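Atoms within a ligand are numbered from 1 in the order they appear, just like the ligands themselves. Bear in mind that the values here come from a model prediction, so they are computed numbers and not experimental data.
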Amino acid sequence: MGSTYMAVEASAPGVLRVVERTISEPGAGEVRIRVEACGVCHSDSGTVDGLFPIKWPRVPGHEAVGRIDALGSGVQGWAIGQRVGVGFLGGSCGYCEFCRAGDLVNCRNQEFTGIHRDGGYAEVMVAKASGPMSIPDDMSSADAAPLLCAGLTTFNALRNSPAKAGELVAVLGIGGLGHLGVQYARRMGFEVAAIGRGSDSAELAKKLGAHHYIDGAADDTAAALQALGGAKVILITASGGTTVATTFKGLRPGGVSIDVGVGPDPIEISSMDLIFGERKLAGSLTGNPATGDATLRFSALSGVSAMIETVPLEQAAAAYAKMMAGKARFRMVLVTKNGKNGTAQPK
Ligand SMILES: [Zn+2]
Ligand SMILES: [Zn+2]
């Protein structure tokens, strides 16, 4: 490898450009990764469109998979040549109150990949050693990429939910997150109702493993869920406060709606619906690295995969635009030249 690498950086709001950067050594407690593939996630708009305070220029991308090619001082547990994935959470500090209590997700010093530090729209990236996840050998880098954020987010929320095998779980939205959520819910042993918009998604929902399909554009979703006995869990993968509120009444007593879809609209839930039936509304943020490892292993073992479209890294701007326009079916994945020569392509 030469002394430079290609990266795609956000240089101003809405602008993504291909640049050449100089390779640097990883600092203490960091690993350097030769990136093979990186997924394009809706949250990348936090960087590209400057929704978070961003120090420009910044390389987006928090679904990065590659091989470690250098270890900074003091790094333990990782080896050169090991294939790893870097998700949204850049790595916990290990010493704050939340880390000390074992809550790595809510670490007070957590940096977000592609926001506070450069991410995976690049041939090379440097990551904090406490962040990465292990990629199973039998999974390609391109297939693994979307599982690091979209996969982990839906897997973690369902795995830590109160639903038990055989209980009704609804997945609201069948997009980048939802098409994985339906697969995980089915493989975890739940009765699965997928809620989409329009009759077109019915066939896809069944193919992904849903037992029931509810057309949110035509049906009363809450009544449809109650007709099935009421959902123990509703996994909300679509943004939109009204949809969340109307579906909430589809929970059975003691049920919980778990929101993983970020949107600007407030969610208005009536206190009657909360109190009578003791229902809950909760948020869930990706998951810790061990759950990330479990997401990848579970996906490999049970045959869960994201539907992906791969494009070369240099076309990141076009891939990002397609995702933002809602035209990706369902996850765009950037592949670097390391990936073309390595393990990025499906076997
Ligand atoms: Zn993401
Ligand atoms: Zn911490």
Determine the sole option in Lys322, Lys327, Arg329 for which the side-chain hydrogen bond (donor to acceptor under 3.5 Å, both in side chains) test with Glu309 is passed.
Lys322
Got a sec: is Cys149 within less than 2.8 Å of the Zn ion (ligand 1) via an N/O/S atom?
yes
If I compare all heavy atoms of Thr286 with all of Asn156, which pair ends up nearest, and what's the gap?
O-ND2, 2.6 Å
Apex the Zn ion (ligand 2) - arms SG from Cys107 and SG from Cys93 - angle rounded to 10°:
100°
Side chain to side chain contact (heavy atoms under 4.5 Å, CB included), that's the test. Do Leu89 and Thr113 meet it? Break it down for me.
CA-CA 6 Å; Leu89 302 179; Thr113 311; over 6 Å; no
NE2 (His62) to the Zn ion (ligand 1) to SG (Cys41), nearest 10°, is 110°
So CG of Leu208 and CG of Leu180: to nearest 0.5 Å the spacing works out to 8.5 Å
